[in-house]
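In each ligand, atom 1 is the first atom listed, and ligand 1 is the first ligand listed. All of these numbers come straight from a predicted model, not from anything done at the bench.
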Amino acid sequence: MSARHEEIRENLEAVQQRILAAATAAGRGVDEITLIAVSKFFPIEDAQSLYELGIRDFGENRDDEGASKSVLLPTDARWHFQGQIQSRKISSIMGWADSIHSLDSLEHAAKCERALIEWGENREFFIQINLEPQRRDRGGIALDELPQFLQSTEKFSQVRPVGVMAVLPIAADPRHSFETIATAASRCGLSKLSLGMSGDFEEAIASGATHIRVGSSILGSRPTPA
Ligand SMILES: *Cc1c(COP(=O)(O)O)cnc(C)c1O
């Protein structure tokens, strides 16, 4: 086993211990929480190591990277697209991603719908929430736009959002922010919460996260993208 594989194994074990501790403290089972290993910018060998260690959920932010990595892992790996969606990339993203965490536009939703109807395929959709509406460049809709957004997706047959995703603003209080998002999602009938990254996944688990997206705690500091 390479030193890198060993390093990943140890980091992953530590993260899994922390997930177990946070879940137990919250009176939840670890099987309620999907750990998505965010492999973006890391080489395919790292994703292969994680696969050997039992990880099946992988997070990617870029269409080209996700498309090329996803064909190199066995087909039971699940790929989560969590980057900003570019309209011209939608049909490609729909081709490799099982789950899209960053839906934030009805125009994009309509485009996803058309591709999926054509192929007779389903994908899982999360709506991205942005708690800093003055920072539109980060992606996501404001929390108070969620009910209207959802209502507008009711006409779709394939694009049926099941949950919300958020990346918290740097200065935000994680617990308070996650609870606010969880409450709003639940009021809208959305049961899945993609909340929590390396710095705040324990608070996310305490607030009911069903999906956590963890990169650097498992794989170390990210190389700069090519
Ligand atoms: C990069 C990224 C992550 C992982 O972040 P870490 O802090 O490395 O765990 C999670 N979610 C999104 C949307 C990301 O872009």
Q: For the pair E107 and K111, find out whether any cationic side-chain nitrogen is under 4.0 Å from an anionic carboxylate oxygen.
A: no
Are L150 and P161 side-chain neighbours, meaning at least one heavy-atom pair lies under 4.5 Å? yes
Any side-chain donor near an acceptor of the partner, D57 and T34, under 3.5 Å: no
- Strictly by modelled atom types, are R213 and S194 linked by a side-chain donor-acceptor pair under 3.5 Å? yes
Check your understanding: If you measure from the Lys or Arg side-chain nitrogens to the Asp or Glu carboxylate oxygens, is any gap between E132 and R138 under 4.0 Å?
Key -> yes
- prompt: Can the ring centroids of H80 and F126 be said to lie less than 6.0 angstrom from one another?
  reply: no
For each nitrogen or oxygen atom of ligand 1, which protein N/O atoms lie closer than 3.5 Å, and how far apart are they, rounded to 0.1 Å?
residue  : atom   : partner : partner atom : Å
ligand 1 : 8 (O)  : S216    : N            : 2.8
ligand 1 : 8 (O)  : S216    : OG           : 3.0
ligand 1 : 8 (O)  : R222    : NH1          : 2.8
ligand 1 : 8 (O)  : R222    : NH2          : 3.2
ligand 1 : 9 (O)  : S198    : N            : 3.0
ligand 1 : 9 (O)  : S198    : OG           : 2.6
ligand 1 : 9 (O)  : G215    : N            : 2.8
ligand 1 : 11 (N) : R213    : NE           : 2.9
ligand 1 : 11 (N) : R213    : NH2          : 3.3
ligand 1 : 15 (O) : K40     : NZ           : 2.7
ligand 1 : 15 (O) : N61     : ND2          : 2.8

